[in-house]
Every structure is written in structure tokens, then in C-alpha cells.
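This report concerns only the one structure given below.
Every number for a ligand or one of its atoms is a count from 1 in the order of the listing.
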Amino acid sequence: MTRVLVHGGEVVSSTGTTPTDVLVEDERIVALLAPGTGDLFAVDERIDAAGCYVLPGGVDVHTHMEMPFGGTQASDTFETGTRAAAFGGTTTIVDFAVQRTGEDVEEALARWHAKAEGNCAVDYGFHMILGGVDEASLKAMDALVAHEGISSFKLFMAYPGVFYSDDGQILRAMQRATGNGATIMMHAENGTAIDVLVQQALAAGHTDPVWHGLTRPAALEGEAVNRAIALAEVAGGTPLYVVHVSASQALERIAAARDEGRNVFAETCPQYLYLTLEDHLGAPGFEGAKYACSTPLRSKHEPHARDLWRGLRTDDLAVVSTDHCPFCFNDQKTLGLGDFSKIPNGLGLVEHRMDLVHQGVVDGNLSLQRWVETCATTPARMFGMYPKKGVVAPGSDADLVVYDPRATTTVSARTHHMNLDHSAFEGAVLQGQVRTVLSRGRTIVDRGTYLGAKGHGRYVRRGLSQYLR
Ligand code: DUC
Ligand code: ZN
Ligand code: ZN
């Protein structure tokens, strides 16, 4: 048995901040001790956390490692992406296995296991994207919930011809989820209307990246969220989790549904809290392609970012995830030169989520407790991993982050660990720095040095959401 003591730090949880020593035996936390009393135990390793926060490892429930998309593939593999996550204080990811139309769901899942197994630096789970809702895939949902540790299914109201489900298919999947207890995750944008706007823009000669955003108006995110909420209600109150909320109009409908007591939940992502359509997607030349993601960045002349921060404070937005889906500028984003609709959609952020949201604490947008709650505790509860993940408590996995709030992090493609040739936050200086990261009791990052190993990360079989109202 190996014993580790993390001492002298302040444990931050969703309910408060307390000076506490944390005793770890092998892979688990075994005791929370009054400061100094940890000295009574014989330990193999002492980690000095004086002046630092001690947090539950971050839980990023929205990543796309090596996902085939837009004629290419997301540039981070499970190996590079989970190592980058570790550097950023994220010790669990939930990635999206993809079933394409007509494909066998269980075979698709097996392919995703083959990509991840033996390659991950941190623990990982899977959601399943249903690219084709039919009798076979509906039946497979039950099997995945019952036997495979997969309790959440993502559907798309966008991307006709690729991942798109029509309202009838969505209703059928939601009805099935009402029966088996799964959560339906929704990419809520009106894809068929967006496709018309895209064709019209291209026909008018508008090819620059900014048109990616201009053809995906906020109203069509609000409309799709509204429809998804109505369909979930008709399906019998299926838990609905709206992914990557970027628009005030979407948040407004989510807040209204929650005020009515519905099982409606949502996440946002750091890009929507900080980046804008004009300054980033609208950058000169083809530079804006780096910022093409869907849902898109929103206008700085509208109060989207301010509303999203408020939603995080009020719990109308429960989670911050990344939608990590990186594509290099060279050879990948450039597929969209001369046609914005061919830019592979996605940003690489898995390494910087904890720092970017901590900056929100420094800026007065969020409390310290809410930082931990939105980035670790709630995602673990929402997706059936709590209290194994998301909390510093006896019995929980010893996934711990020693976080120095006084040091700074400078974001740059030159120093980040993602397999990505640029950074959406290039040059940003963020207050706070990940110092030491433990994954199931093993130190995997310390002061910028990687001490982990590929294959350390294990598959997490998830239960049903523990966050229902
Ligand atoms: N949005 C993105 O930006 N990338 C991948 C898929 C998605 O929905
Ligand atoms: Zn999506
Ligand atoms: Zn996504």
C-alpha cells in the first residue's frame, strides 16, 4: 500500500473552502484531516499544498478525441488529448463515441473503446452519438445503459445528411430514454434552416469564416432549444441536457423550463464566455477559421457572454465543458479556404478549461465554489460518476489538483500539450496555475512535468444521472 498526504492546502468544494489535509491510500482518498494532524500518519510521499487550493480533478464531459468530421479527423488522439487534459487539471473526460447512420451501435462503441483503451493518461467514459435513430439503435440504447456504462445519448438538430435527426426520430429516442433512464444530450441548432442560409451566403459570394457565424443565427439556437424542450416534455419528461449553449435566446428558454421544474439542464464552454464573432471569427483574412465551431461564437454587440456568466451563477447553466474538437490550421482548417462551410468545426480547449473558468472567479463573474461545482462536481453527478469523481471525500478516487491561485498561466501553442498548431487563446495570461495533478493516487503532473503514462487512464462505467429534479 502507498500512502500520500496532501497537506497545508485549502480544499475547495461546491459548498465551501476549508483548510484540510488529504490522506490518500493507493487509488482512493481515505481521510480528510484537520490541518497538521496528517503528520501523525506514516506516509510514502508528502505533497506540500501551502498557499494552494486542493480541488477534485476536473471533469470535462464534452470532448471529441480523434473524431472523424468535415472530411478530416480531430487532431488530438486519446493519448495526446488526455495528456493535455492532465496538464490542465482535468482528470476525467467523457468523449463521444459515434454511431453513423445505418451502423450497428455496439460495433461503433467497440471501435471507440479500441481507440481509447491503453492510450489514456486520465480516466474516460463515453456518451454515444446516435447518428441514425431506428429500431436497432433504439434497442441498443437499452443495452448500453444496462450493460456498457453509457447513460447519455447525443442527438443533432443540426448537420443534415451527417448526424441530423428529425423531430420524429428525436421524439422516439427521448421516449426510449424516458423508459431506460438515460439523458438525451442535444446539439440544438435548426440545421435545415441553417443550410438554406449557408447556400444563400455562398451564392452571394460570401466565403469568409465570419459567415460561418452569420449563417447560424442565435434565433435558430433558441428555436431548436425550445423545440427540444417541448419534445422532451411530450416524451414524458426525459432528462434533456443542452450542449454548448452560446446564445441568450437559448439560455432564456432553458431558464424558463427550469423555472417550471422540468428536467432540463445545460452546459456552456469557455469560448462562448470570452471570444466573439467580430473579434475572433471575423479576424482578418482566413485567421477566423481558427474560431469556427458550432454553435458559433456570438456577437459582442449582444449580451450573450454576460448572460452565460449569469446562467452559470444561477445554475441555469450547470456545467462548463469544452467541446474539445481540435483541428490544425495548416491542412485542416484550410480545407475551408474559399468556402466557410468546409472549415472543420471545432476548437481545442481541453487543457485550459480549469484556468479559463478560474479567471472568471478572479474577474468576479463566478464564486470559487461554483468554479469547482461547474467544472468537476456537477458534471460528475450529471453523468453518473459521483462520488467516485468530482469530490474530495473519503472513498472517492484520489483525483486531486493542487492549484496555485497566485501564479499565472500564459496560453500559447508553443507551450501547450494539445496536438494543435495554434491556440484560440494565444498570448492570454490567466491568473492561476495547475501545480500538481493526481489521478487515482498517482502524481501525473508536477510543476509542468508529465509523470503519467499512457494506459493509466481507465474506462469509467457510468450510472444514470444523479441530478434529476
Ligand atoms: N461542434 C463543433 O464545433 N465541433 C464538433 C461537433 C459540434 O457539434
Ligand atoms: Zn454539438
Ligand atoms: Zn461536441
Side-chain angles (χ1 to χ4, degrees), residues 60-76 81 85 93-100 112 124-131 152-165 170 183-191 194-195 198 209 212-213 215-216 218 220-221 224-225 228 240-247 250 265-273 275 277 280-281 288-298 319-329 332-333 335-336 340-350 353 379 383 418 420 422 424:
D60 189 342
V61 293
H62 192 154
T63 70
H64 300 281
M65 304 303 174
E66 30 190 306
M67 183 173 86
F69 190 67
T72 181
Q73 171 161 315
S75 59
D76 262 322
I93 63 161
V94 185
D95 202 85
F96 287 85
V98 181
Q99 178 245 359
R100 293 192 174 270
W112 248 261
Y124 61 97
F126 290 128
H127 314 283
M128 176 59 75
I129 287 175
L130 292 182
S152 39
F153 297 85
K154 185 179 180 190
L155 301 174
F156 287 78
M157 301 169 103
Y159 303 125
V162 187
F163 293 130
Y164 177 80
S165 290
I170 291 169
T183 296
I184 294 293
M185 306 174 78
M186 190 62 76
H187 179 128
E189 288 186 290
N190 186 326
I194 286 168
D195 272 9
V198 168
H212 170 77
T215 54
R216 309 183 86 92
L220 294 184
E221 185 184 343
V225 166
L240 171 68
Y241 178 94
V242 184
V243 295
H244 47 55
V245 170
S246 66
F265 309 97
E267 65 174 22
T268 191
C269 312
Q271 54 270 42
Y272 307 117
L273 298 168
L275 308 178
L277 178 122
H280 300 92
L281 196 54
K290 294 177 181 174
Y291 305 93
C293 56
S294 298
T295 54
L297 302 183
R298 298 298 179 191
V319 169
V320 181
S321 67
T322 56
D323 197 9
H324 179 78
C325 192
F327 296 101
C328 286
F329 187 75
Q332 293 197 295
K333 290 289 186 179
L335 292 169
F340 68 86
S341 72
K342 296 204 163 56
I343 303 169
N345 289 193
L347 267 57
L349 285 175
V350 76
R353 181 183 63 124
F383 292 102
M418 298 176 285
L420 186 60
H422 64 279

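Between Ile129 and the options Trp112, Phe156, Phe153, a side-chain contact (heavy atoms from CB on, under 4.5 Å) holds for only Phe156.
The Zn ion (ligand 2) has an N, O or S atom of Lys154 closer than 2.8 Å. Cys325 lies apart from the Zn ion (ligand 3) in this respect, since none of its N, O or S atoms is found at a distance under 2.8 Å.
In the vicinity of His244, heavy-atom distances shorter than 4.0 Å reach the ligand 1 atoms 8 (O). For ligand 1 and Asp323, the ligand atoms under 4.0 Å from any heavy atom of the residue are 1 (N), 2 (C), 3 (O). When each atom of ligand 1 is checked for a heavy atom of Phe156 under 4.0 Å away, the hits are 8 (O). Interface of Cys293 with ligand 1, defined as ligand atoms under 4.0 Å from a residue heavy atom, comprises 3 (O).
Of the listed residues (Tyr159, Phe327, Phe69), the one carrying the non-hydrogen atom nearest atom 7 (C) of ligand 1 is Tyr159.
For the 3.5 Å distance criterion, the side chains of Arg298 and Ser246 qualify, holding a donor opposite an acceptor. Asn345 and Tyr159 share a side-chain donor-acceptor pair at under 3.5 Å. Between Tyr124 and Thr63, the side chains place no donor N or O within less than 3.5 Å of an acceptor N or O (distance only, hydrogens not considered). For the residue pair Asp60 / His324, no side-chain donor-acceptor distance below 3.5 Å is found, with atom types taken as modelled.
Note that Lys290 lies in the cation-pi zone of Phe329, set by a 6.0 Å cut-off to the ring centre and a 45° limit from the axis.
Here the closest non-hydrogen pair linking Val350 and Gly81 is CG1-O, 3.6 Å.
Closest approach between the Zn ion (ligand 2) and any N/O/S atom of His187 involves ND1.
Aromatic ring centres of His187 and Phe163: separated by at least 6.0 Å. Here Phe340 and His212 keep their ring centres 6.0 angstrom or further from each other.
If you check which protein heavy atom lies closest to atom 2 (C) of ligand 1, you get Ser294 O, 3.5 Å. Looking from atom 4 (N) of ligand 1 to the surrounding protein, the closest heavy atom is Asn345 O, 2.9 Å.
Backbone and side-chain nitrogen or oxygen atoms of Thr295 are examined, and none is located within less than 3.5 angstrom of a nitrogen or oxygen of ligand 1. Considering backbone and side-chain atoms alike, His64 places every N or O at 3.5 Å or more from each N or O of ligand 1.
Centred on the Zn ion (ligand 3), the OD1 atom of Asp323 and the NE2 atom of His62 lie at an angle of 80°, reported to 10°.
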